[in-house]
> 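Structure below; questions to follow.
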Protein chains: 2
Amino acid sequence: MLSALGHDGRLAIFRLLVKAGPQGVAAGQIARTLDVLPNSLSANLNILAHAGLIASRREGRSIIYSADYGAMSGLLGFLMEDCCNGAPEICSPLTAVLARVEGCGPACAPKSPA
Amino acid sequence: MLSALGHDGRLAIFRLLVKAGPQGVAAGQIARTLDVLPNSLSANLNILAHAGLIASRREGRSIIYSADYGAMSGLLGFLMEDCCNGAPEICSPLTAVLARVEGCGPACAPKSPA
DNA sequence: CTTATATTTCGAGAATAATGGAAATATGGA
DNA sequence: TCCATATTTCCATTATTCTCGAAATATAAG
């Protein structure tokens, strides 16, 4: 997953998909938005999907891609536990980040642009 | 940073340094612990350092490498904010992770192996 | 000043990844 | 069936990264 995200284009794709929400975005629209060739995009979508970071579903002629929240959460959890185990200086600021985004919790509105 | 960590060997190095704490580990000992050639290690340490994830200091004949907690915290913060903005499903489990590592906070013991 | 230890730098070869054009597949509609 | 749209697959080229041996640098000690 880290190497999949360690690529400007793929990170941009993933960010776009996360911001788009669970409904996802069609491949063609991703290509237009990010101004990349459809075949390059397809290859990168494949890499992200193979890493488990995104999912896809067909809808008519389009194929809709969406971020896999669980996977990203798992990745962050792995990094945090792997890091915090012995390094509270890493996690401490993260509680502040979580507090700032504040919408994070079982009882929050799905979309509240800060 | 993501691409620096998106490499098995470098991730192993970084994890080792995080676990070692602020005192750091000498390059030679890293090489022995992870069983990698010293020149390969040096190249990877360079990549991690250039990404800002680790720092180095000379100590006698050895060069001691240590994890940069602030950089890792910043990376996680970026990922969390970039992701949570609109995706509480990602952050929600992370509060649980933070609660589990529990040592994370201004007033916690620096080392409490769970 | 020579020797030993620790680490880096250099350089070449191999492996891997990225890019982009062109063709192929899949779906929907006339 | 035929055409248009959407996406993928195939392929070759280029670029980047990885790996490892050998030499170079830096520090310490006798």
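In what follows, chains carry the letters A, B, and so on, assigned in the order in which the sequence lines appear, proteins first and then strands, with residues in each chain numbered from 1. All of these numbers come straight from a predicted model, not from anything done at the bench.
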> Quick check: on DNA chain C, is the nucleotide nearest A:Ser40 upstream (toward 5') of the one nearest A:Glu59, or the reverse? Name the residue that is more 5'.
A:Ser40
> B:Leu41 has an atom CG; how far is it from atom C1' of D:dG21, in whole Å?
16 Å
> Of the options D:dT8, D:dT19, C:dT8, whose atoms approach the side-chain atoms of A:Ala27 most closely?
D:dT8
> Would you kindly give the CG-to-C1' distance between A:Leu34 and D:dT7, to the nearest whole Å?
16 Å
> If you assign A:Ala43 and B:Ser3 each to the DNA chain D nucleotide with the nearest heavy atom, which residue ends up on the more 5' nucleotide?
A:Ala43
> If I take atom CD1 in residue A:Ile47 and atom C1' in nucleotide C:dT19, what distance separates them, rounded to the nearest angstrom?
12 Å
> When the distance from CG of A:Asn39 to P of C:dA17 is rounded to whole Å, what number comes out?
18 Å
> For B:Ile63 and D:dA28, what is the distance between atoms CD1 and P respectively, to the nearest whole Å?
11 Å
> I need the CD1-C1' distance between B:Ile13 and C:dT7, as an integer number of Å.
14 Å
> Distance check needed: D:dT8 C1' versus A:Asn46 CG, whole Å only.
9 Å
> Which of these nucleotides, D:dC18, C:dT27, D:dA26, is closest to any side-chain atom of B:Arg58?
D:dA26
> Is the phosphate of C:dT8, meaning OP1 or OP2, less than 4.0 Å from a side-chain N or O of B:Tyr65?
yes
> If I take atom CG in residue B:Asp8 and atom P in nucleotide D:dT19, what distance separates them, rounded to the nearest angstrom?
10 Å
> Would you call B:Arg10 and B:Leu5 a side-chain contact if the rule is heavy atoms closer than 4.5 Å?
no
> Establish, with yes or no, whether the OP1 or OP2 oxygen of C:dT27 is under 4.0 angstrom from a side-chain nitrogen or oxygen of A:Ser62.
no
> Among C:dT19, D:dT19, C:dA22, which nucleotide sits nearest the side chain of B:His7?
D:dT19
> Looking only at side-chain atoms of B:Leu37, point me to the closest of C:dT9, D:dT19, D:dG21.
D:dG21
> Out of curiosity, does A:Ile54 fall in the hydrophobic cluster containing A:Ile64 (side-chain heavy atoms, cut-off under 4.5 Å, transitive links)?
no
> Side chains of B:Leu17 and B:Leu53, heavy atoms from C-beta outward: is any pair under 4.5 Å?
no
> Measuring to OP1 and OP2 of D:dT25, would you say a side-chain N or O of B:Arg61 lies under 4.0 angstrom away?
no
> Indicate yes or no: at least one non-hydrogen side-chain atom of B:Leu45 is less than 4.5 angstrom from one of B:Ile30.
yes
> Any side-chain heavy atom of A:Ile90 within less than 4.5 Å of one from B:Ser73?
yes
> Please work out if B:Arg10 contacts a base, only the sugar-phosphate, or nothing of the nucleic acid, heavy-atom cut-off 4.0 Å.
sugar-phosphate
> Touch check for B:Ala26, heavy atoms < 4.0 angstrom, all strands: base, sugar-phosphate only, or nothing?
sugar-phosphate
